[in-house]
Structures are given as C-alpha cells and as structure tokens.
Amino acid sequence: MSDIQLFRLTGGDAVELSSRAAAIEKDLQSLIEAQMPTFLGVRFLASEYATGKTHRGRIDSLGLDENGCPVIIEYKRHSNENVMSQGLFYLDWLLDHRAEFQWLVMEKLGKDVANEIDWTGTRLLCIAADFTRYDQHAVQQIPRNIELIRYKLFGDDLLLLDLVNAVTVDDATTVKDKVVDGTSPAKAKPVGKDKTAEEQLEHAQPEIRALYEVLSSQLLALGDDVQEKHLKLYVAFRRLKNFACVIPYKDKLLVMLKLNPDTVALEAGFSRDVRNIGTWGTGDLELCLRTVADFERAKPLIERSYGES
C-alpha cells in the first residue's frame, strides 16, 4: 500500500493534502499521453492501438523511449486490477510484430529513428494507483523489462509518479525463446562500424575499467529506484527517465548528465556544453573522467542530476 504523504506549508503551518485516483482510467491515460516526454522520457506514438483480429487487444499507449527502445504503457485506476498480466500479453505481441511497430515509428518519427530502434530494451510500464505486495514479488520473478509506477493526484494541479519496483534484463528479445525451450539463445552482436560499449570497456585501459566500476557503483547507490541498462553504444542509468549515460573509451569515460550547462561552471578538459553537438546518450552536460580525482569532481553534479531527474 502507498505510504506517500504530501503537505502544503503555509505561514508555518503544515496541511496534509489528500490524494485521489483518477475519476476514470481514460482521464489518467490522456494526462500521461499529453506530457509523456516530460513524465517518462518517452515519445508518444499511439493510443488504444489495436493488435488485430487474432490477438483482439488494445494497447493503452505505445511509445519510444529516449534510448530508442519500444515502450508499452498500461493504466489502471486501482490496485485490484491485473494490469501486469495484461501488459505482458501485449509485450509478447509487440516482440512478435516488430515490423508493424517499426512502420508506426517510421510514420510518426521518421525513417532514421525507425532504423535505430533498440529492441533489446523493450519495456512495459504499468501505472496504477497502487500495487499489492504480490505484484511487487511477481515482477521480480518475470524476466522482462517491467516497471511498476504508482500515481497519485493531489488537488487539481499536482501529479505524483513513484517508481515502486523495476526489473531490467539484458536482452528482451531472447527472453521468450529461453522461457519456451529452456535454452539461452546467443545474443546477436550489434552491427555497425562503432564499437559497442561492452567492446570499449573490454579494450579499455585497466585504470579506466576500474574507474567505470567505481562510477557505476556510485550511480546505483544513489537510490533503490536506479536502473542500469546496457545499450549498444552507452550505458544508461535511469529512474523514470535517464539521469546519466556513460560512454566508455580506451582512455576515458564520458558521462552525459541531464543538467542545464548554463547552471554549471564549465571547466576545460572536464565539462562542456553539448546542446549543439551530436553525441551518444542523453543529456546536455558532458563530463570527461580519466582519474579518480575526476570522479570526485563529478560526484556533486551526478547527485544533482539524479535529484532533478
């Protein structure tokens, strides 16, 4: 059950604000879809997407996240409705109909975006007023990218989104086959001229590999809601949205943060504004880490990005 309380502080007095669920499920859905990039870091693609005569379903919301991964979002007003099972039903459909989803992305966002879809990170977001302890246990047993997000409405102008539980798998596309036949399918090697993040780390200098371990441990220790996702060219660390992306190289780590560079004292060789520069990952502030001393300088900015995400 939810233990979140919100108070308004006025003239030295604290007044607790009562929370409520959406009047109808469609109200919640419309609210999220209208501000999906702000709330979830997801680009909206379709609402009530029909899955065909055979499957006979309707996906509440379809989107593409900031890492180029497909996202299914299912909503329920209350905690006693089985939103997770329904979402898993649609998740399997999506992985079996990738060409259809790619065509949708091409229509909405263009051919270049459609060609860069990362299916390994396909996600299911379940948004409900609350979740039972059985839901939270079940999600840990299911090898899928699933996030349980609790919502609360306060008054007429406040919305709270709280990440209750999350599971991340290395490759969502291999899970289905593994469950069916009990084997572990070989992970397809990404194609392209650029080395993957894993390849970069494998060939990095020993001190850079050690620095990455220190950095990733610090990022994960910021909160129980932090998820680590290994993508083709970078590693994303996110809550509901990315707050840090790490791009490894042989002799350095580049860390992309969701901070306004105008609010940071930029230092040559350490931090720079990349708003008008093509980069991998997400974020407008880039940090270059080569030593443990660089990491110590970066920690306050990393913590700030986490807090503001």
Engineer: Answer whether the closest heavy-atom distance between the side chains of Thr291 and Leu211 falls below 4.5 Å.
Structural biologist: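 When only atoms from C-beta onward are counted, Leu211 and Thr291 do not touch, as no gap falls below 4.5 Å.
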
Engineer: Looking only at atom types and distance, does a side-chain atom of Thr132 sit under 3.5 Å from a main-chain N or O of Asp135, one as donor and one as acceptor?
Structural biologist: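 Flag set: sc Thr132 to bb Asp135 pair under 3.5 Å.
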
Engineer: Grab the two heavy atoms, one from Ile127 and one from Leu40, that are nearest each other, plus how far apart they are.
Structural biologist: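 Minimum heavy-atom contact is CD1-CD1, 4.4 Å.
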
Engineer: Can you tell if the side chain of Leu257 reaches within under 4.5 Å of the side chain of Asp284, non-hydrogen atoms only?
Structural biologist: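 The answer is no; the side chains never approach within 4.5 Å.
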
Engineer: Between Asp251 and Arg290, is there a side-chain heavy-atom distance shorter than 4.5 Å?
Structural biologist: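 Yes, close enough: below the 4.5 Å cut-off.
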
Engineer: Is a side-chain N or O of Ser30 found less than 3.5 angstrom from the main chain of Asp27, in a donor-acceptor match?
Structural biologist: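 No, the answer is negative, given that no donor and acceptor are paired below the 3.5 Å cut-off.
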
Engineer: Is there a donor-acceptor contact under 3.5 Å from the side chain of Lys250 to the main chain of Gln200?
Structural biologist: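 Not a single qualifying donor-acceptor pair exists.
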
Engineer: Which atom pair, heavy atoms only, marks the closest approach of Ala129 to Ala21?
Structural biologist: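 Scanning both residues, the minimum pair turns out to be CB-CB, 4.5 Å.
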
Engineer: Between Ile302 and Pro300, is any pair of side-chain heavy atoms under 4.5 Å apart?
Structural biologist: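 No, every pair of side-chain atoms sits at 4.5 Å or beyond.
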
Engineer: Could you report the tightest heavy-atom contact between Leu31 and Leu159, atom names first, then the distance?
Structural biologist: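 Taking Leu31 first and Leu159 second, the nearest heavy atoms are CD2-CD2, 3.9 Å.
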
Engineer: Does one side chain, of Glu228 or Thr168, offer a donor that lies under 3.5 Å from an acceptor on the other?
Structural biologist: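 Result is no, nothing qualifies.
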
Engineer: So, do Leu124 and Asn145 sit near enough that their side-chain heavy atoms are less than 4.5 Å apart?
Structural biologist: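 No. Closest side-chain heavy atoms not under 4.5 Å.
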
Engineer: Quick one: hydrophobic cluster around Met106, which other residues, with the 4.5 Å side-chain cut-off, linked directly or via members?
Structural biologist: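 For the cluster that includes Met106, the remaining residues are Trp103.
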
Engineer: Count the heavy atoms of every other residue, nucleotide or ligand shown that sit under 6.0 Å from NZ of Lys26, and state whether that count exceeds 12.
Structural biologist: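 It does: Lys26 NZ has more than 12 such atoms within range.
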
Engineer: Quick one: which of Lys258, Arg275, Arg272 gives a salt bridge (charged side-chain N to carboxylate O under 4.0 Å, His left out) with Glu286?
Structural biologist: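 Filter result, single survivor: Arg272.
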
Engineer: Using atom types as modelled and distance alone, determine if a side-chain donor or acceptor of Gln227 lies under 3.5 Å from a backbone N or O of Arg239.
Structural biologist: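 Flag set: sc Gln227 to bb Arg239 pair under 3.5 Å.
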
Engineer: Using distance alone, with no hydrogens and no angle criterion, decide if Glu33 and Gln29 have a side-chain donor and acceptor under 3.5 Å apart.
Structural biologist: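 Present: a donor and an acceptor within the cut-off.
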
Engineer: My understanding is that only residues two or more places apart in sequence, or in another chain, count here; which of them pass side-chain contact (heavy atoms from CB on, under 4.5 Å) with Leu17?
Structural biologist: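 Leu17 satisfies side-chain contact (heavy atoms from CB on, under 4.5 Å) with Leu6, Arg8, Phe154, Leu158 only.
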
Engineer: When you measure from the side chain of Asn242 to the backbone of Ala244, do you find a donor-acceptor pair of N or O atoms at a distance under 3.5 Å?
Structural biologist: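 Checked: no pair found.
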
Engineer: For Asp224, is the CG atom crowded, meaning more than 12 foreign heavy atoms sit under 6.0 Å from it?
Structural biologist: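 Counting other residues, nucleotides and ligands, CG of Asp224 stays at 12 neighbours or fewer.
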
Engineer: Check Leu289 against Phe270 and note the closest heavy-atom contact, atom names and distance.
Structural biologist: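 Reported closest heavy-atom pair: CD1-CE1, 4.3 Å.
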
Engineer: Where the side chain of Asn67 meets the backbone of Cys69, is there a donor-acceptor pair that is under 3.5 Å apart?
Structural biologist: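 Here the side-chain-to-backbone pair does not exist.
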
Engineer: Between the side chains of Asp118 and Lys232, is the shortest nitrogen-to-carboxylate-oxygen separation below 4.0 Å, so that they form an ion pair?
Structural biologist: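 Salt bridge: no.
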
Engineer: For the residue pair Leu125 and Leu240, establish whether any side-chain heavy-atom pair is separated by less than 4.5 Å.
Structural biologist: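 A side-chain contact under 4.5 Å is absent here.
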
Engineer: Is Asp96 reaching over with its side chain to a backbone N or O of Trp93, donor-acceptor style, under 3.5 angstrom?
Structural biologist: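 Flag not set: sc Asp96 to bb Trp93 has no pair under 3.5 Å.
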
Engineer: Quick test of your reading of the model: are Asp92 and Arg144 salt-bridged, counting only N-O distances below 4.0 Å?
Structural biologist: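 Yes, Asp92 and Arg144 are salt-bridged.
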
Engineer: Do other residues, nucleotides or ligands put more than 12 heavy atoms under 6.0 Å from the CZ atom of Phe7?
Structural biologist: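 It does: Phe7 CZ has more than 12 such atoms within range.
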
Engineer: If you count heavy atoms of other groups shown closer than 6.0 angstrom to NZ of Lys108, is the number above 12?
Structural biologist: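 No, because the 6.0 Å sphere around NZ of Lys108 holds 12 heavy atoms or fewer from other groups.
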
Engineer: After noting the C-alpha distance and the side-chain angles of Lys299 and Glu303, does the key distance pass the salt bridge (charged side-chain N to carboxylate O under 4.0 Å, His left out) rule?
Structural biologist: CA-CA 6 Å; Lys299 280 173 66 174; Glu303 292 170 358; 5.3 Å; no

Engineer: Determine yes or no for a side-chain-to-main-chain donor-acceptor pair under 3.5 angstrom, with His137 supplying the side chain and Arg133 the backbone.
Structural biologist: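 Checked: no pair found.
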
Engineer: Counting distance only, does the side-chain N/O of Arg123 pair as donor-acceptor with the main-chain N or O of Val71 below 3.5 Å?
Structural biologist: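 Absent.
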
Engineer: Looking at Gln141 and Ala138, would you say the former's side chain and the latter's main chain have a donor-acceptor pair under 3.5 Å?
Structural biologist: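 Not a single qualifying donor-acceptor pair exists.
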
Engineer: If you define the side chain from C-beta out and look only at heavy atoms, does anything of Glu147 sit under 4.5 Å from Cys126?
Structural biologist: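 No; the side chains remain at least 4.5 Å from each other.
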
Engineer: Let me check something: do Phe39 and Tyr306 share a hydrophobic cluster, defined by ILVMFWY side-chain heavy atoms less than 4.5 Å apart, either directly or through other members?
Structural biologist: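 Shared cluster, no.
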
Engineer: State, to 0.1 Å, how close Phe131 and Ile149 come at their nearest heavy-atom pair, and which atoms those are.
Structural biologist: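 Of all heavy-atom pairs spanning Phe131 and Ile149, the closest is CE1-O, 3.4 Å.
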
Engineer: In the hydrophobic clustering that connects Ile, Leu, Val, Met, Phe, Trp and Tyr at side-chain heavy-atom distances below 4.5 Å, which members other than Ile277 occupy its cluster, ordered by chain and number?
Structural biologist: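 The other cluster members (ILVMFWY side chains, heavy atoms under 4.5 Å, direct or chained) are Leu231, Leu233, Tyr234, Ile247, Tyr249, Leu254, Met256, Val274, Trp280.
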
Engineer: Determine, for Phe243 and Arg238, whether the Lys NZ or Arg CZ falls below 6.0 Å from the six-membered ring centre while staying within 45 degrees of the axis.
Structural biologist: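 Cation-pi check for Arg238 and Phe243: fails.
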
